K.L.:
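Once you've had a glance at the structure underneath, I'll fire off some questions.
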Amino acid sequence: MHTDLPLKESSTDKLGRHPFAYEIASGLVNSFKDNNESIVLGINGTWGSGKSTLLNFIINEVEQLTKSNNQEIIVLRFNPWMFSGQKELQTVFLRELILKLKNNSEKLKNASKKIAEFLEYLNWVNYLHSGAGETLKTLKNLFKKAGKEKELVELKKEIDDILIESKVKLYITIDDIDRLTPTEITDIFQLIKLNGNFANTIFILAYDQDVVETALENQFGRNGKKYIEKIVQVDYTLPAISKEDIARLFIDNLNQLFNVEEITNRIKDLNDSIKDEPFVEFFTSLRDIYRYNNSIKLRLPSIFNELNILDFLLIESLRVFDQKAYHFVIDNKESLVYKSNNNINTFRLHTDNEKSTETFIDNTDFDEIIKRILKRLFIIDTAYSFNAESPKDLIRGKRVADTNYFNRYFNLQLSHFDIQEDVFESFINKNSIEENEQTLKDVNDKKQIFQFLNWIEIKSKGSDEKKHKNIILSILTYSKNLQYKSGMFWGIGSDLITVLHYVSDMLKSISDLEERKNLILEYIKSNRYFSTFFLCDRILYAHEQLEKGELYSNKEWYYLFKSEKEIDQEFVAKILSDRNSIAKELFNQLLSDSEFLAEDEIGLILDVVYKNYKDHYEENFPKLIEKDIELIKYLWLSIKRSWMTSGSRVGYQLTEYQLHPGLTKENIKSRLDNLNLDEFDENERKVIALFEKAHNDGFVEKKYYDIETLEEMGRW
């Protein structure tokens, strides 16, 4: 953290001020070594230009030079801003001087007494105007009444004599004059006018001349510049800091700002980009740099992995230097974040220019720097040009223009539904399938699995094929944790379907077709889960589409086929064999564990096993329905094979061909007639009632019953 305190040592000089300070110090020491004159020297510079640092350098050099010449000096550093708000700054100054003289030289004890008497003289007056004749006359009269005959002039002469005799030089610096109120600024210049002609005394003042001139003109109603010229004999104006030096100093300070190596390395990698960003134009002094860097030092470490650092620096510049623009961005999120129909397009194709983000920004009343910052942040070129950015680039870049990232830049924290960037980076870059599987479980627990996989697909673009293979295997391995639930058509809406869809898309990142196939085949060989069975089943369905000429690049598993019949059939034969063998293994496991598979999973397995292992199926299926409650379960699986919806109502058909092999209407009817319905729950009783209704109606095809009321919903 930079405290904005002025520099003291020349080794820390960043603006090349030290040679300037040496020149001034050398001139003072050499010119006033052998005479007793007093002088008032002014250092003029804008706020934050380094006046205080220059004062420190000057005094340091004066002390070194006088020490080598065996000259005795006393330095009083007076900062009136520290006493701002107190009455009679002149009195405060003289007290400080008395204390300094008492503590520093035996030779000057008498001087301190005389100055104390001088101070007492001044304390008789509530407020001292300019040193006009009327004031001196008033003081003389007051002192006479008090029994003191000496005049102010006599006191000053006695003090001068002591200072001359002592051969001690007084160096008095007065800093931060431009921070005072106009009245206090006037007091300080009157103080110098009154005391500035002490012998052997050198005043060095630091101020912003424009501020001081305005204050003096407001107080006296006359030319402030001429008033200063009457008091200050020698004036030095600090040279302005060049834009190049400002940029250099900012980058140098930024590179040393953080004690986290990872942040520092990222900052250094971005140095060339940062110095060209428009916010650097906000810096006009070192104080501006320190103010800004102190802000980002506190705010960036906690979230640097979650943001685009360049975007963060731009947003922070608005927060520090232009609160109006900062709140404008927050209040206008919907108008600024990327939308495909309102951002700039290089060729202006299909773009309503009046509604573009560029036009929106141009129509604001902000100055050009702010507009350039806003455009840098929010204008996204989506044209097909060399340096175009796409919506996916915004996600990869963690840009504020992406609606998913926007809030992070203003909350500086992740929302409850947000995912840390290091989770993405770890998933993409680590080789541990087990760790990645656990990551997906954790993400799924927070209901974020699809957002996560979507961003993994986007963020992994450009990674090497080894990482892509690892990502694919991680997702496939995780898929065994997901149950299959059928939807209206082919399981649409099932989490398992959606997750496998990402695997299908990511296969295109592997350039060689044989490598894609081998990756899938090797996974299937070593993973005998329902999800693996379902993966095979989906690939087989894709092959069916291929043979019909309907498998296009936007369809699942397109990237596993070459469209050469012989080669594709060889691959499909392996997939088919694996699917059937896995189905049989799952069926056998189901015989010993009736809860092993979810309802919709069982239905798919039964069909495949019956078709390919009919004898095995017929021998063992009766074991699955030995218990009455299991009979109702498999009856329900048969019923739900054909359903429809109408508004909030769900209707089911039941015909004989729906019944899974091993179930007959006669056998079911016989067993259900002997049941005690009180032993079953409400849902199970609904299944029994629907069977009875369909049985009584003759198992009519395309006749659907409301599961709740058994009313006919229509025929399709």
Side-chain angles (χ1 to χ4, degrees), residues 476 479-487 489-491 494-497 500 520-521 523-545 547 556-557 569 571-643 652-668 671 687 691:
L476 286 173
S479 69
K480 72 177 183 287
N481 300 287
L482 299 174
Q483 287 186 341
Y484 167 74
K485 295 181 181 180
S486 64
F489 181 74
W490 284 111
S494 168
D495 288 357
L496 179 58
I497 284 267
L500 291 180
I520 295 296
L521 289 171
Y523 173 78
I524 291 170
K525 288 293 184 187
S526 57
N527 292 273
R528 315 297 279 184
Y529 306 108
F530 175 83
S531 60
T532 317
F533 160 85
F534 190 71
L535 167 65
C536 293
D537 209 49
R538 298 296 293 171
I539 293 172
L540 292 173
Y541 173 67
H543 183 250
E544 290 177 17
Q545 290 182 302
E547 292 193 318
E556 286 183 359
W557 312 113
Q569 285 183 339
F571 171 66
V572 166
K574 294 177 182 178
I575 295 293
L576 180 61
S577 175
D578 282 325
R579 185 201 67 168
N580 294 342
S581 62
I582 293 172
K584 186 177 181 181
E585 291 172 23
L586 296 174
F587 178 80
N588 291 339
Q589 193 167 348
L590 189 63
L591 293 172
S592 60
D593 182 1
S594 61
E595 302 299 323
F596 171 59
L597 296 174
E599 287 182 354
D600 294 330
E601 296 172 349
I602 293 172
L604 293 179
I605 294 297
L606 294 180
D607 290 340
V608 172
V609 175
Y610 181 76
K611 181 178 179 180
N612 294 281
Y613 308 98
K614 184 177 179 181
D615 291 344
H616 182 72
Y617 180 94
E618 290 179 341
E619 178 185 350
N620 290 285
F621 181 78
K623 298 175 184 178
L624 296 176
I625 57 172
E626 287 177 349
K627 297 178 181 179
D628 291 333
I629 195 167
E630 295 296 331
L631 172 67
I632 295 172
K633 173 182 175 180
Y634 282 86
L635 173 58
W636 168 240
L637 292 181
S638 299
I639 291 172
K640 67 186 290 189
R641 296 173 86 172
S642 181
W643 57 279
Y652 294 91
Q653 167 191 275
L654 182 55
T655 60
E656 288 188 61
Y657 67 74
Q658 283 177 242
L659 297 174
H660 283 290
L663 291 174
T664 65
K665 61 182 180 180
E666 295 81 10
N667 181 262
I668 296 171
R671 289 180 63 176
V687 172
F691 174 84

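The model shown is predicted, which means the values in this text are computed figures rather than measured ones.
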K.L.:
Applying side chain to side chain contact (heavy atoms under 4.5 Å, CB included), run through E556 and Q545 and close with a yes or a no.
P.N.:
CA-CA 10 Å; E556 286 183 359; Q545 290 182 302; over 6 Å; no
K.L.:
Applying salt bridge (Lys or Arg N to Asp or Glu O under 4.0 Å), name anything that partners K574, two or more places apart in sequence or on another chain.
P.N.:
none
K.L.:
Does Y484 reach the main-chain N or O of F530 with its side chain, forming a donor-acceptor pair under 3.5 Å?
P.N.:
no
K.L.:
Crowded around K614 NZ? As in, over 12 foreign heavy atoms under 6.0 Å?
P.N.:
no
K.L.:
At what distance, to the nearest 0.5 angstrom, does CD1 of I639 lie from CD1 of I632?
P.N.:
10.0 Å
K.L.:
Between E601 and A598 (side chain of the first, backbone of the second, donor and acceptor by atom type, cut-off under 3.5 Å), is there such a pair?
P.N.:
yes
K.L.:
Which atoms form the tightest heavy-atom contact between L663 and Y634, and what is the distance?
P.N.:
CD1-O, 3.7 Å
K.L.:
Less than 4.5 Å apart, side chain to side chain, heavy atoms only: is that true for L659 and I668?
P.N.:
yes
K.L.:
Any chance you could measure S638, atom OG, to H660, atom NE2, to the nearest 0.5 Å?
P.N.:
4.5 Å
K.L.:
For the CD atom of E544 and the CD1 atom of I539, what is their distance to the nearest 0.5 Å?
P.N.:
13.0 Å
K.L.:
If you round to the nearest 0.5 Å, how far is CZ of F571 from NE2 of H543?
P.N.:
10.0 Å
K.L.:
Does the side chain of L496 reach to within under 4.5 Å of the side chain of S531, using non-hydrogen atoms?
P.N.:
yes
K.L.:
So, does T532 use its side chain to make a donor-acceptor pair with the main chain of I524 at under 3.5 Å?
P.N.:
no
K.L.:
Side-chain atoms of residues 578-589: list all donor-acceptor pairs with protein atoms under 3.5 Å, sequence neighbours left out, distances to 0.1 Å.
P.N.:
from : atom 1 : to   : atom 2 : distance (Å)
D578 : OD1    : K525 : NZ     : 3.3
R579 : NH1    : D537 : OD1    : 2.7
N580 : OD1    : N612 : ND2    : 3.3
N580 : ND2    : L576 : O      : 3.4
N580 : ND2    : N612 : OD1    : 3.2
S581 : OG     : R528 : NH2    : 2.7
S581 : OG     : S577 : O      : 3.2
S581 : OG     : D578 : O      : 3.0
E585 : OE1    : R528 : NE     : 3.4
E585 : OE2    : R528 : NE     : 3.4
E585 : OE2    : R528 : NH2    : 3.1
N588 : OD1    : H616 : NE2    : 2.6
N588 : ND2    : K584 : O      : 3.4

K.L.:
Would you compute the distance between atom CZ of F691 and atom CG of L631 and round it to the nearest 0.5 angstrom?
P.N.:
8.5 Å
K.L.:
How about I629: does its CD1 atom have over 12 heavy atoms from other parts shown lying under 6.0 Å from it?
P.N.:
no
K.L.:
Side-chain contact, heavy-atom cut-off 4.5 Å: L606 with P661?
P.N.:
no
K.L.:
In a check of side-chain hydrogen bond (donor to acceptor under 3.5 Å, both in side chains) between D600 and each of K485, Q483, K640, which one passes?
P.N.:
K640
K.L.:
Report yes if some heavy atom in the side chain of R671 is under 4.5 Å from a heavy atom in the side chain of D628; otherwise report no.
P.N.:
yes
K.L.:
Checking E656 side chain against K665 main chain: does a donor-acceptor pair fall under 3.5 Å?
P.N.:
no
K.L.:
Report yes if some heavy atom in the side chain of I605 is under 4.5 Å from a heavy atom in the side chain of V609; otherwise report no.
P.N.:
yes
K.L.:
How long is the span from the CZ atom in F596 to the CG atom in L591, to the nearest 0.5 Å?
P.N.:
11.0 Å
